[in-house]
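Worksheet: one structure, shown below.
Numbers for residues simply follow the sequence, beginning at 1.
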Amino acid sequence: MRRRRQPVSAPEAHLMGHLRSTVWGPAEFVGLPPWWLTVEGLLAGCVAAGAIVGAALAGAWYGVPGLADGEGGLVCAGALVLYLCVVRAGRALIGIVAVLGICLALQTPQAAVGVVLAQRGQVESVVVTAVEGGPGAVSSRGRYLCAVADRDGVPLKVRLWRGCGQATRPGDALAMVYDPKGQVPPRGVEAGASPSHPLRSLGGWAAALVAACTVAVVRSFRLAHTASHGPAASGAPGDDPAAAS
């Protein structure tokens, strides 16, 4: 025999609606969201993503450690989260935006180094002095690392993994790109890599951040309630029942 489902009481329904509104945002509109709200969400997401990437690029280009290391990007991500808290977006969506912003800020420094080297880097031939790492090495993430020396035989303090492979042996020549101003560390030249590749690798993170921010702002929409909780205003004195008696 089937047991009848107990109807949800009004207080429970109100509590569930409040929790859903707090977690995902109220989204108090019918049909499509207002266009200006969508524009606001897109603008906030694009500005935040641009600020995160731009801070790392400026830090790498001008040699500002706090920006080049991604700290400036983390501040920009925090500012976006604060903005979503001010508009009272859903907490789950705020958390998703925070995670995406942090991931973008942590991925940007390496891409910024690649952009600087692609714009003003110079290529130099170096000689491999030792090969370390490989698939079984945990510290190198399975990559082969080549210790190198310049053409005069002076060992360099950097180890290269781009261009260094299983077939690389001591004495082989590798191409290394370096910054003449010394603002970013040198790295090996990767065959077939385009100058725009570093920024393209950030496209997915930036697009996800903009999309999540737009959804969070759109779902934060609340209707303005102006209903008065007090007694209705009295009319003319002749309408008062006490006066008519």
Side-chain angles (χ1 to χ4, degrees), residues 3-60 66-112 115 141 197-229:
R3 301 180 64 182
R4 288 190 177 181
R5 204 178 214 182
Q6 294 293 333
V8 179
S9 63
E12 291 179 353
H14 178 73
L15 178 61
M16 292 173 60
H18 174 71
L19 291 176
R20 185 165 52 249
S21 171
T22 303
V23 173
W24 297 108
E28 294 178 352
F29 52 82
V30 178
L32 295 176
W35 65 268
W36 56 266
L37 199 63
T38 304
V39 172
E40 180 181 346
L42 285 171
L43 184 61
C46 291
V47 168
I52 292 172
V53 176
L57 285 175
L67 298 179
D69 296 341
E71 296 177 7
L74 292 175
V75 172
C76 295
L80 178 61
V81 170
L82 180 60
Y83 160 75
L84 294 179
C85 292
V86 170
V87 301
R88 294 188 297 169
R91 294 180 181 177
L93 293 174
I94 292 177
I96 293 174
V97 169
V99 171
L100 291 174
I102 291 173
C103 290
L104 179 61
L106 295 179
Q107 294 289 331
T108 305
Q110 287 298 321
V115 172
R141 300 180 182 178
H197 176 72
L199 287 182
R200 279 188 298 161
S201 63
L202 301 176
W205 291 108
L209 177 62
V210 173
C213 180
T214 303
V215 173
V217 172
V218 168
R219 290 194 60 87
S220 70
F221 182 75
R222 290 170 172 81
L223 293 174
H225 298 285
T226 57
S228 174
H229 297 286

Next on the checklist: Applying side-chain contact (heavy atoms from CB on, under 4.5 Å) to L57 and L67, what does each step give before you reach the verdict?
Outcome noted: CA-CA 8 Å; L57 285 175; L67 298 179; over 6 Å; no
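Looking at every heavy atom in both residues, P33 comes nearest to T38 through CG-OG1, 3.9 Å. Of all the heavy atoms in P26 and F221, the pair that sits closest is CG-O, 3.5 Å. The minimum heavy-atom distance between V210 and C46, with the atom names listed, is CG2-N, 3.8 Å. Scanning both residues, I102 and A77, for their nearest heavy atoms gives N-CB, 4.4 Å. Considering all non-hydrogen atoms of both residues, A68 and A60 come closest at CB-N, 3.8 Å. Between A55 and G73 the shortest heavy-atom distance is CB-N, 4.3 Å.
The structure places CG of L32 at 12.0 Å from CG of L37, a figure rounded to the nearest 0.5 Å. With values rounded to the nearest 0.5 angstrom, R91 atom CZ is found 15.0 Å from I96 atom CD1. Note that CG of L93 is 10.0 Å distant from SG of C213, once rounded to the nearest 0.5 Å. Within the model, atoms OG of S220 and CH2 of W24 stand 14.5 Å from one another, a figure rounded to the nearest 0.5 Å.
Between P109 and D69, every side-chain heavy-atom pair lies at or beyond the 4.5 Å cut-off. Residues V217 and L42 form no side-chain contact, since every pair of their non-hydrogen atoms from C-beta on lies 4.5 Å or further apart. L100 places none of its side-chain heavy atoms less than 4.5 Å from the side chain of L104. Residues I52 and L209 meet the side-chain proximity criterion, which asks for heavy atoms closer than 4.5 Å. With contacts defined as side-chain heavy-atom distances shorter than 4.5 Å, the pair V81/I94 qualifies.
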